[in-house]
Amino acid sequence: NLMPKRAGVRPLTRLTANYASDAHIGGSFDVARRAGAVGVRVNGVARSGDVSVDDEFRSAYTLGGALDYDGGPLRLSLDLGYQRVKVRGLRPKVTLGTTVIPRVPGAGSNYAQPWTYTTLRDVFGIAKAEYDIADNAMLYASFGARDGAEDGIYGGITILDAVTGAANGNALYVPRTDNNEAAQAGLRVKLGERITHEINFGGAINWQVNRNAYDFLYGPGFAGFDTNLYNAVPVAIPSSALVGGDLDDPFPISRTRLTSLFASDTIGLWDDRILITVGLRLQAIRAKGYAANDSTIFDPVPFSAGDLISEYNEDAVTPAFGLVVKPVEGLSFYANRMQGFEKPDAAPASIGGLAVSNSGALFAPVKTKQYELGAKYGTGRFNASIALFQIDRPRPSAVTDLADPTRAIYGLFGEQRNKGIELSLDGELAEGLRLIAGASLVDAKLRRTLGGVNQGNDAPGVPEYLVNANVEWDLPFAPGFTLT
C-alpha cells in the first residue's frame with residue numbers, strides 16, 4: 001500500500017542523504033508548492049552500491065509526482081510514480097535434500113553465482129475525484145493503472161550433505177510483465193443526529209493480465225551443477241533444459257477480471273462513542289489460464305503453447321462486521337470479523353527445484369476469514385495500539401507428480417492459520433525527537449494438510465517475531481537538518 005503525498009500550505013524543499021555503508025549510499029528530495037487551490041509535489045529517491053551481503057549489489061530509483069485541486073465541494077488528484085530496482089548476486093533459495101538441517105551460514109555470506117540478478121520496474125498512476133453533493137453526501141470515483149516488468153536469473157541450491165554444505169545448484173530465467181487497471185465509484189452519506197448512519201455503497205472493477213515465460217537453466221538431463229553452501233565456487237551458466245513461453249516476447253499466461261458491488265452502514269450511538277459496522281460485498285472473479293508450452297504425452301487433451309487451458313467465472317457474497325467503543329477521550333476498543341474472496345495464484349513453472357507439471361493451471365477462488373480484537377490510545381503526543389488477530393486461508397503447496405516423479409503437482413493442499421499479537425507506538429519522546437516502533441509475535445500453523453503430512457507444523461516463510469523502529473532527531477544546532 002502506498003500513501004500519496006500532498007503539498008501543504010507551507011512550501012517544502014527537503015534533501016536527505018542516506019548512508020548504509022562506504023559502498024552503498026543514496027539520497028532523496030521532496031519539493032512541494034501550493035498556489036491557492038492547486039498543489040504540486042515531486043519527490044525521488046536514489047540508492048546504489050554493495051550491501052552487507054558479500055558480492056551483492058543493490059540499486060533502487062524512485063520518482064513520484066502529485067497534482068491536486070481542492071476547490072471546495074470538488075476535489076481532484078493525480079498521482080504518478082516510477083520505480084526501478086536491481087540486484088546482482090542475489091542469494092538463492094536453499095532446499096533441504098537431507099533430513100539434517102545444516103549450520104546456517106553467516107549473515108554476510110553469499111552462496112550465489114555472480115550471474116544471478118533481478119531487475120524490477122514499475123510505472124503506475126491513479127486519478128481520484130470527490131464531489132460534495134450536500135453537506136452530508138459525497139460522490140467519489142477513482143481510476144488507476146500499473147505496468148510492471150521483471151527480468152532475472154534466479155538461483156537455487158539443494159543441500160546434499162548437511163555437514164560439509166555440498167549442494168546441487170540450478171537456475172531459472174524469468175521474463176515477466178504485469179498490466180493492471182482498476183476503477184471504483186460510490187456514494188457516501190451520513191444521516192441522523194442522536195443515532196447516526198454513515199452509509200457507503202458503490203462498485204469496483206479490476207483487470208489483470210500476466211505475461212511470462214521461463215527457462216530452466218539446469219544443464220543436460222536436469223543435472224544442475226556442484227556448489228557448496230559455505231564455499232560457492234563460480235561456474236558457467238548452465239545450458240537450457242526446458243523452456244516455457246516466448247522468452248523474447250512473453251504472451252499472456254493469465255487474464256483476470258474482478259468485479260464487486262459493496263454496501264455498508266456504520267451506526268453511531270452515544271454521540272458516536274459506539275460504532276457498529278455491517279457490510280456486504282458481492283464479488284465475482286473471472287479468470288483464464290493459458291498454456292506456457294505444448295502438451296505432453298501425460299496430458300489427456302493435446303494443446304499448444306498459448307492455448308486456453310483453464311477458465312472459471314465464480315461469485316460469492318462476503319460479510320464484514322465491526323465494533324468500536326470509545327469509553328473516554330483518546331481510548332478506543334475495537335473488534336471485527338471479515339471474510340475475503342480471493343483468486344489463488346496460478347501454478348508456477350517450478351517449485352523446490354522441480355518443474356511443475358500443471359504450470360499455469362488456475363484454481364477456483366477461495367474464501368478467507370480474519371478476526372481481530374484490539375485497543376488504541378492517543379494523547380496527541382503519543383499513540384499506542386495493541387491487536388490480537390487470527391487469519392485462516394487455504395495454502396498452496398506441491399506434491400510429487402505420480403505420473404512423473406521428477407516433477408511436481410501444484411495445488412491447494414491444506415490451510416494455514418496465523419494467530420498473533422501486534423504492538424505499535426509512535427510519538428515525540430522529547431522536543432525534536434520522534435519515534436515510530438512496532439512489534440509482532442505470530443504463530444503460523446499448517447492445518448487440514450493432504451494425508452495429514454506436516455499437520456500442525458510451523459508454516460514456512462512466516463517470521464515468529466518481528467521488531468522495527470524508526471527514530472528521527474531534529475538537530476538543535478543545525479536548524480532544518482534531521483537525522484533518522
Residue pair Phe363 / Ser310, side-chain heavy-atom distance below 4.5 Å:
no
Can a donor-acceptor pair be found, under 3.5 Å and without considering hydrogens, that links the side chain of Arg146 to the backbone of Phe124?
no
Report the distance from atom CD of Glu130 to atom CZ of Arg75, rounding to the nearest 0.5 Å.
4.5 Å
Quick check: are there more than 12 heavy atoms from other residues, nucleotides or ligands sitting under 6.0 Å from CG of Asp135?
no
Got Asp215 and Leu217 here, is their nearest side-chain heavy-atom distance under 4.5 Å?
yes
One should read off an interatomic distance between Ser385 OG and Asp426 CG, to the nearest 0.5 angstrom, of 8.0 Å
Looking at Phe29, I'd like to know if its CZ atom is crowded, meaning that more than 12 non-hydrogen atoms belonging to other residues, nucleotides or ligands lie closer than 6.0 Å.
yes
Flag the pair Lys445 / Asp458 as yes when at least one side-chain heavy-atom distance between them is below 4.5 Å, and no otherwise.
yes
Under the side chain to side chain contact (heavy atoms under 4.5 Å, CB included) test, which residues partner Ala375, sequence neighbours left out?
Phe333, Ile386
Taking the side chain from Arg14 and the backbone from Ser28, do they hold a donor-acceptor pair closer than 3.5 Å?
no
I'd like to check the ring-ring contact (aromatic ring centres under 6.0 Å, His included) partners of Tyr214; sequence neighbours left out, ordered by chain and number.
Phe216
So does Lys128 pair up with Asp68, basic N to acidic O under 4.0 Å?
no
Is any side-chain heavy atom of Leu90 closer than 4.5 Å to one of Arg58?
yes
Contact check, side chains of Thr482 and Trp473, non-hydrogen atoms, under 4.5 Å
no
Please round to the nearest 0.5 Å and tell me the distance separating atom CZ of Arg286 and atom CG of Asn313.
6.0 Å
Mind checking side chain to side chain donor-acceptor pair (under 3.5 Å) for Glu372 and listing every partner two or more places apart, or none if nothing turns up?
Tyr334
Got Ser52 and His24 here, is their nearest side-chain heavy-atom distance under 4.5 Å?
no
Exactly one of Gln416, Gln370, Glu342, Glu415 should register a side chain to side chain donor-acceptor pair (under 3.5 Å) with Arg393. Which one does?
Glu342
Looking only at the side chains, is there a donor atom on one of Tyr410 and Asp345 sitting less than 3.5 Å from an acceptor on the other?
no
Honestly, is Arg188 close enough over Tyr140, meaning NZ or CZ under 6.0 Å from the six-membered ring centre and within 45° of the axis?
yes
Could I get the full list of ring-ring contact (aromatic ring centres under 6.0 Å, His included) partners for Phe57, not counting sequence neighbours?
none
Does any donor atom in the side chain of Asp392 or Tyr371 lie under 3.5 Å from an acceptor atom in the other side chain?
no
Considering all heavy atoms, the nearest Ala469-Leu435 contact
CB-CD1, 4.4 Å
If you draw a 6.0 Å radius around CE in Met338, do more than 12 non-hydrogen atoms from other residues or ligands fall strictly inside?
no
Is there a donor-acceptor pair closer than 3.5 Å between any side-chain N or O of Tyr131 and the backbone N or O of Pro73?
no
Less than 4.5 Å apart, side chain to side chain, heavy atoms only: is that true for Arg41 and Leu12?
yes
Distance-only side-chain donor-acceptor flag, Asn210 / Asn212, under 3.5 Å:
yes
Do we see a donor-acceptor contact under 3.5 Å between the side chains of Asn179 and Arg211?
yes
Nearest 0.5 angstrom please: Leu446 CG to Arg395 CZ, how far?
5.0 Å
Show your reasoning for whether side chain to side chain contact (heavy atoms under 4.5 Å, CB included) applies to Thr119 and Arg84.
CA-CA 7 Å; Thr119 301; Arg84 185 178 186 273; 3.9 Å; yes
Enter the distance from Leu429:CG to Glu472:CD here, rounded to the nearest 0.5 Å.
11.5 Å
Residue list, side chain to side chain contact (heavy atoms under 4.5 Å, CB included) with Arg33, at least two apart or on another chain
Pro11, Thr13, Val31
Got Pro344 and Leu412 here, is their nearest side-chain heavy-atom distance under 4.5 Å?
yes
Mind running side chain to side chain contact (heavy atoms under 4.5 Å, CB included) on Ile133 and Leu187 for me, showing each step along the way?
CA-CA 10 Å; Ile133 57 178; Leu187 172 66; 4.0 Å; yes
For Arg6, all residues meeting side chain to side chain donor-acceptor pair (under 3.5 Å), sequence neighbours excluded
Ser77, Asp79
Start with the C-alpha gap between Val471 and Leu433, add the side-chain angles, then the distance that decides, and say whether side chain to side chain contact (heavy atoms under 4.5 Å, CB included) holds.
CA-CA 7 Å; Val471 180; Leu433 182 62; 3.8 Å; yes
Once rounded to the nearest 0.5 Å, what's the spacing between atom CD of Gln113 and atom CD1 of Ile153?
11.0 Å
Over 12 non-hydrogen atoms of neighbours within 6.0 angstrom of CD1 in Ile195:
no
For Thr196 and Asp272, test the side chains for any donor-to-acceptor distance below 3.5 angstrom and give the result as yes or no.
yes
Give a yes or no answer on whether the side chain of Ser304 reaches the backbone of Asp307 with a donor-acceptor pair at less than 3.5 Å.
no
Is the number of heavy atoms from other residues, nucleotides or ligands under 6.0 Å of Arg47 CZ greater than 12?
no
Checking Arg34 side chain against Ala7 main chain: does a donor-acceptor pair fall under 3.5 Å?
yes
Quick one: does any side-chain atom of Asp55 pair with a main-chain N or O of Asn110 as donor and acceptor, under 3.5 Å?
no
Considering all heavy atoms of both residues, which atom of Pro365 and which atom of Tyr312 are nearest to each other, and what is their separation?
CD-CE1, 3.3 Å
Taking all non-hydrogen atoms of both residues, which atom of Pro463 and which atom of Val442 are closest, and how far apart?
O-CB, 3.9 Å
Checking the side chain of Asn336 only, and the main-chain atoms of Gly322 only, is there a donor and an acceptor separated by less than 3.5 Å?
no
Least distance between heavy atoms, Ala439 atom then Val467 atom
CB-CG2, 4.1 Å
Test side chain to side chain contact (heavy atoms under 4.5 Å, CB included) applied to Phe341 and Leu258, step by step:
CA-CA 10 Å; Phe341 188 58; Leu258 313 172; over 6 Å; no
Going by an N to O cut-off under 4.0 Å, is there a salt bridge joining Arg121 and Asp147?
yes
Exceeds 12 heavy-atom contacts within 6.0 angstrom, atom CD1 of Ile436
no
Nearest heavy atoms of Gly244 and Asn293, plus distance in Å
CA-ND2, 4.0 Å
Treating Arg273 as the side-chain partner and Lys326 as the backbone partner, does any N or O pair qualify as donor plus acceptor under 3.5 Å?
yes
Over 12 foreign heavy atoms within 6.0 Å of CG, Leu475
yes
Would you say Arg381 has more than 12 foreign heavy atoms packed within less than 6.0 Å of its CZ?
yes
Taking all atoms of both residues into account, what is the closest heavy-atom pair of Asp246 and Phe251, and its distance?
N-CE2, 3.7 Å
